[in-house]
Amino acid sequence: MLKIAVLVSGGGTNLQAIIDGITNQTIKNTQICVVISNNAGAYALERARQNEIDAVCVSPKDYGSRDAFNDALLAEVQKYNVDLIVLAGFLVKIPENLVKQYEGRIINIHPSLIPSFCGVGFYGLKVHEAALARGVKVTGATVHYVDDGMDTGAIILQKAVLVEEGDTPEILQRRVMEQAEWVILPQAIDMIANKTVTQANEKLITLK
Ligand code: GAR
C-alpha cells in the first residue's frame, strides 16, 4: 500500500480527483494519510475532513522564520511515515530540507505543458493568463517529480488541451483541470503505487 501525503493551498479539486480515484479504484493500493495546507482557510482541508482524512494546517504565519516553517512542515510530513508526497496545488516553494529527505518521492501537478509557462511566478490562474497572452493554441498539464529547482524535475505524464476562441483564464483553467489535471494526477499516482514508473538519478524510469 502506497501511503501518501497531499499538500494543498486552495480549493482542492485535484485532491478530490485523488480521493475519487481511490474510491473508484482507478488508483489502486494507495491510501491518503494526511492532507496538509499552508492556508487554514483552504477548502481542500474541508474536503479531507469530509472524507475522514487527517487535515492539518502548517502556515508560515505561525512561525518566526522561514527555516522554522520549513522544519515544521518536514516534521508534520514525517509523523505520517508516507512513501510519496503529492503537491496538488501547493503554492509554496518546497523547502530544500523536504526535497532532500524525500528525494524521488515528491510529485507535482502543474497546469501547463512544461517547459512552457512554468518556473518562478507561474502558478494557478497566472499560468493560463500567460498562455492566453502568448496566443498558444494548445496548452495542458504536467505531472513531474520535484527536484530542487522550480518545475524542473523529471516529467511523468503530460496531457494536451486545446485553447478555444473566447477563452478567459478562468474558462481555460477549468478545461485544463477537467481534461488534463484530474486525469493525469490520479494516473501518475497509480503508476507509482503499482510500480510502473519510478525515478533515480533525476531520470524517469518506466518499469513496465
Ligand atoms: C491547479 O490548477 C494546479 O495545477 C495549480 O494550482 C491549482 C490548484 O487547484 N498548481 C500550480 O500552479 C503549481 N505551480 P485545486 O486546489 O483545485 O486542486
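Every number for a ligand or one of its atoms is a count from 1 in the order of the listing.
Grouping the Ile, Leu, Val, Met, Phe, Trp and Tyr side chains by contacts below 4.5 angstrom, directly or via other members, places Tyr43 apart from Leu87.
Counting all heavy atoms, side chain and backbone alike, Ile106 lies closest to Leu98 at CD1-O, 3.9 Å. Looking at every heavy atom in both residues, Ala42 comes nearest to Gly10 through CB-O, 3.5 Å.
A salt bridge does not link Glu170 to Arg174: none of the charged nitrogens lies less than 4.0 Å from a carboxylate oxygen. Under 4.0 Å is where a charged nitrogen must lie from a carboxylate oxygen, and between Arg175 and Glu164 at least one such pair does.
The protein residues lying under 4.0 angstrom from ligand 1, judged by non-hydrogen atoms, are Gly10, Gly11, Gly12, Thr13, Asn14, Gly89, Leu91, Ile109, His110, Pro111, Phe122, Tyr123, Gly124, Met177, Glu181.
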I'd like a table of donor-acceptor pairs (distance under 3.5 Å, sequence neighbours excluded) in which one partner is a side-chain atom from residues 110-126, with atom names and distances.
{"from": "His110", "atom 1": "NE2", "to": "Ser112", "atom 2": "OG", "distance (Å)": "3.3"}
{"from": "His110", "atom 1": "NE2", "to": "Phe117", "atom 2": "O", "distance (Å)": "2.8"}
{"from": "Ser112", "atom 1": "OG", "to": "Ser116", "atom 2": "O", "distance (Å)": "2.6"}
{"from": "Ser112", "atom 1": "OG", "to": "Phe117", "atom 2": "O", "distance (Å)": "3.2"}

